[in-house]
Amino acid sequence: MVNSLTTAYRESVQPRMLGMPMYNAALQTEAVGFAWRDGRLCGVLLTPWCMNLVLFPQACDEWEDRAAARTVEVEFPSGSQRCMLSALEGMPVHLSLPLFTTVLDFENQETARQVAREVLQRLYTRAATGGDADPASGPQSSRKQPRTLTRRELLRGGRVAP
């Protein structure tokens with residue numbers, strides 16, 4: 001499925017993006033860090049024009065029933081994110097979350113790849129709660145409620161304040 005995704009983007013989308021102002025010729029289309037996480041195949045699709053998180057559905061997901069361009073709220077360990085339904089010819093419906101809408105600042109493939117891996121790590125790391133993690137150590141009402149990171153905070157390396 002991942003190979004089909006990268007092939008579809010290289011063959012269908014990339015020729016149309018070539019020559020656009022946001023196209024970074026130093027980058028190639030590549031699937032980074034795809035693995036099964038929480039029952040879904042998830043990773044980052046790096047292209048010369050953008051970087052997106054991509055999730056393929058698990059058996060119980062009914063994304064195909066939703067119209068294209070709709071969104072689905074997905075819970076990650078770091079917090080909830082609104083992902084867009086995507087349908088590319090020859091590919092099953094999947095979700096995408098724009099991480100970088102331009103990749104012009106990436107000097108080379110390895111730098112972009114490292115950023116993609118870091119984003120995945122942060123996305124799948126439980127947000128800090130800022131209180132005692134042990135529920136037996138004090139009454140629930142005295143602890144602060146955990147705050148999740150916004151997508152912008154997550155991608156900029158933000159942390160939840162204690």
Which atom of Val93 lies closest to which atom of Pro57, heavy atoms considered: O-CD, 3.4 Å
Heavy-atom side-chain contact between Pro77 and Asp38 under 4.5 Å: yes
When the ring planes of Tyr124 and Phe76 are compared, do they come out parallel, tilted or perpendicular, using 30° and 60° as the limits? perpendicular
Residue pairs meeting salt bridge (Lys or Arg N to Asp or Glu O under 4.0 Å), one or both in residues 4-18, sequence neighbours left out, come to none
Of all pairs that satisfy salt bridge (Lys or Arg N to Asp or Glu O under 4.0 Å), the ones with a partner from residues 46-57, not counting sequence neighbours: none
Would you call Leu5 and Leu45 a side-chain contact if the rule is heavy atoms closer than 4.5 Å? yes
In Å, rounded to the nearest 0.5 Å, how long is the span from CD of Gln28 to CD of Gln14? 8.5 Å
Quick check for you: to the nearest 0.5 Å, what is the distance between Leu95 atom CG and Asn52 atom CG? 11.5 Å
According to the salt bridge (Lys or Arg N to Asp or Glu O under 4.0 Å) rule, which pairs have a member within residues 84-103, sequence neighbours left out? none
Heavy-atom closest pair (Cys42 atom, Leu120 atom, distance to 0.1 Å) is SG-CD2, 4.3 Å
Is there a side-chain contact between Gln81 and Val74 in this structure, where contact means two heavy atoms from C-beta onward sitting under 4.5 Å apart? no
Any donor-acceptor pair under 3.5 Å from Arg40 side chain to Leu55 backbone: no
What about Met22 and Val13, same hydrophobic cluster or not, with Ile/Leu/Val/Met/Phe/Trp/Tyr joined at side-chain heavy-atom distances under 4.5 Å? yes
Among residues at least two apart in sequence or on other chains, which ones pass side-chain hydrogen bond (donor to acceptor under 3.5 Å, both in side chains) with Thr111? Asn108
Just so I know, are the side chains of Trp49 and Tyr9 near enough to count as touching, which here means a heavy-atom distance under 4.5 Å? yes
Is there a side chain to side chain contact (heavy atoms under 4.5 Å, CB included) between Leu123 and Leu53? Walk through the geometry before answering. CA-CA 10 Å; Leu123 192 64; Leu53 179 77; 3.3 Å; yes
Which heavy atom of Leu104 sits nearest to which heavy atom of Pro21, and what is that distance? CD1-O, 3.7 Å
Evaluate the side-chain proximity of Val103 to Thr47: yes if any heavy-atom separation is below 4.5 Å, no if none is. no
Hydrophobic clusters here meaning ILVMFWY residues chained together by side-chain heavy-atom distances under 4.5 Å, can you tell me if Leu88 and Met1 are in one? yes
Aromatic ring pairing Phe56/Phe34, orientation class (parallel under 30°, perpendicular over 60°, tilted between): tilted
Mind jotting down which residue pairs meet the salt bridge (Lys or Arg N to Asp or Glu O under 4.0 Å) criterion with at least one end in residues 27-36? Sequence neighbours excluded, please. Glu30-Arg113
Is the number of heavy atoms from other residues, nucleotides or ligands within 6.0 Å of CD (Gln114) greater than 12? yes
Return the set of residues passing side chain to side chain contact (heavy atoms under 4.5 Å, CB included) with Ser4 (not counting sequence neighbours), or none when no residue passes. Met91
For Thr125 and Ser78, which I'm curious about, is there any donor-acceptor pair between the side chains at under 3.5 Å? no
Would the distance check show the side chain of Asn24 and the main-chain N or O of Pro48 forming a donor-acceptor pair, the cut-off being under 3.5 Å? no
Return the minimal non-hydrogen interatomic distance between Met51 and Ala112, and the atom names on each side. CE-O, 3.5 Å
Is Val115 close to Leu99 at the side-chain level, that is, under 4.5 Å between some pair of heavy atoms? no
